[in-house]
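Working notes, beginning with the structure itself.
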2 protein chains.
Amino acid sequence: MITNKLKKVSLKSTFQRENILEYIISRKEHPTADMIYQYMLTISPCISKTTVYNTVKSLNKTNLIKSIKFLGKDEIRYDGTVDAHHHFLCEKCGRIYDIEIQCQHFKKENIDGHKINNVYAYFTGICKECKK
Amino acid sequence: MITNKLKKVSLKSTFQRENILEYIISRKEHPTADMIYQYMLTISPCISKTTVYNTVKSLNKTNLIKSIKFLGKDEIRYDGTVDAHHHFLCEKCGRIYDIEIQCQHFKKENIDGHKINNVYAYFTGICKECKK
DNA sequence: TACCAAGTTGTAATGATTACAAACAAACTA
DNA sequence: TAGTTTGTTTGTAATCATTACAACTTGGTA
């Protein structure tokens with residue numbers, strides 16, 4: 001439950017936070033800050049965009065959500081699925097799919113002498129819907 | 001030779017283009033637009049930043065260079081090495097290293113029914129220099 | 001219930017990138 | 001080699017996502 005997730009990471013439970021987190025997790029669209037803002041306006045007409053940015057920053061820092069960024073797109077997208085996975089971005093419709101592949105490099109701790117902390121990867125192409 | 005590279009992709013050969021391309025290829029720093037601009041100022045004091053942006057866009061479109069973008073950094077970096085490879089970003093010093101690993105997904109043409117055109121990936125952590 | 005640290009709001013600033021129009025130059029043609 | 005055309009460069013102004021900041025408000029503890 002959403003409130004517990006916030007409690008677990010010591011974030012105060014507010015209407016804005018609960019609904020923003022719920023929105024990101026339940027919809028699978030990997031929304032942008034503006035999409036979150038547009039949705040929040042419908043249930044909280046006075047919300048500020050700054051609140052959206054503050055909130056996703058907190059949620060991201062406490063690992064309740066993840067951020068993703070694609071080349072050529074200048075906005076950050078937010079992902080409520082936090083376990084290791086990749087993404088697929090459709091070049092035609094812009095939809096973003098979660099990709100559950102396991103890469104052999106995912107668990108490496110060292111490459112070329114560098115200590116690895118994080119792995120980011122995504123694919124682009126034409127999605128199965130657009131191929132039809 | 002730089003001039004030939006431009007000819008091959010039917011880009012007119014200009015002082016600005018040759019030097020910007022040469023700079024990106026010869027230095028291995030994966031420079032930002034501003035780094036390129038600062039360098040170009042030293043050999044062409046009247047160059048415009050717009051020229052830098054126009055040029056990297058052309059070079060990128062014709063595959064003479066590649067663009068890279070990292071989460072949390074809001075600038076694009078340019079890479080003169082165009083064959084398939086990944087990157088490592090040091091979280092401490094910001095240096096970017098080319099990573100020559102071959103991923104098993106690199107040559108896949110289909111994942112989950114989506115047609116794959118491109119693969120982007122990078123690692124972050126502490127580089128071997130900063131570990132010392 | 002009162003208090004205070006933390007959260008929210010609105011406005012203004014930032015900074016990378018793009019739009020646009022005028023001036024200019026590369027390279028082809030005669 | 002000069003003229004022409006088309007693509008390039010330049011500078012300024014605009015854009016747009018995101019952040020800074022300061023005043024106001026609220027959650028949750030004592």
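Numbers restart at 1 for each chain; the letters A, B, ... are given by sequence-line order, proteins then strands.
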Q: Quickly work out the A/Lys73 NZ to D/dA17 P distance and round it to whole Å.
A: 12 Å

**Q.** Given DNA chain C, 5'-ward residue of the pair B/Asp74 and A/Arg17, judged by closest heavy atom
**A.** A/Arg17

Q | Distance, rounded to the nearest Å, where B/Lys49 contributes NZ and D/dT12 contributes C1' | A | 14 Å

Q.
Quick check: do A/Lys115 and B/Cys127 have side-chain heavy atoms less than 4.5 Å from each other?
A. no

Q.
Counting distance alone, no hydrogens or angles: does the base of C/dT11 have a donor or acceptor under 3.5 Å from a partner atom on the side chain of A/Thr50?
A. yes

(Q) Closest approach to the side chain of A/Glu75, judged atom by atom: which nucleotide of C/dT9, C/dA6, D/dA17 is it? (A) D/dA17

Q: Kindly say if B/Tyr53 contacts the phosphate of C/dT17, meaning a side-chain N or O under 4.0 Å from OP1 or OP2.
A: yes

Q) OP1, OP2 of C/dA16 versus side-chain N and O of B/Thr32: anything below 4.0 Å? A) no

Q) NA contact type, B/Asn54, heavy-atom cut-off 4.0 Å: base, sugar-phosphate, or nothing? A) base

Q: Find out whether A/Ile25 and A/Ile2 are in side-chain contact, i.e. whether some heavy atom of one side chain is under 4.5 Å from a heavy atom of the other.
A: yes

Q: Specify the separation, in whole Å, of atom CD1 of B/Ile20 and atom P of D/dT8.
A: 13 Å

Q: Taking only the side-chain heavy atoms of A/Gln16 (C-beta and beyond), determine which of D/dT19, C/dT8, D/dT10 contains the nearest atom.
A: C/dT8

Q: Take A/Cys46 and A/Ser58, find for each the nucleotide of DNA chain C with the closest heavy atom, and name the residue whose nucleotide sits nearer the 5' end.
A: A/Ser58

Q: Using atom NZ of A/Lys12 as one end and atom C1' of D/dG27 as the other, report the distance to the nearest whole Å.
A: 5 Å

(Q) In whole Å, I'd like the distance from the OH atom of B/Tyr37 to the P atom of C/dA16. (A) 13 Å

**Q.** Atom pair distance, as rounded to whole Å: CD1 in A/Ile76 and P in C/dA16
**A.** 15 Å

**Q.** Candidate pair B/Glu109 and B/Ile116, rule side-chain contact (heavy atoms from CB on, under 4.5 Å), full reasoning
**A.** CA-CA 5 Å; B/Glu109 305 201 327; B/Ile116 305 294; 5.7 Å; no

(Q) Less than 4.0 angstrom between a side-chain N/O of B/Thr51 and OP1 or OP2 of D/dT10, yes or no? (A) yes

Q) Can you tell me how far P of C/dG7 sits from NZ of A/Lys61, to the nearest Å? A) 11 Å

Q: Measure from CG on B/Leu41 to P on D/dT10 and round the result to the nearest Å.
A: 10 Å

Q | N-O pairing of A/Lys69 and A/Asp74 below 4.0 Å | A | no

Q) NA contact type, B/Ser13, heavy-atom cut-off 4.0 Å: base, sugar-phosphate, or nothing? A) sugar-phosphate

Q. Ignoring hydrogens and angles, does a donor from either the side chain of A/Thr14 or the base of C/dG7 sit under 3.5 Å from an acceptor on the other?
A. no

Q. Is the charged tip of B/Arg27 near the ring of B/Tyr39: under 6.0 Å from the six-membered ring centre and within 45° of its axis?
A. yes

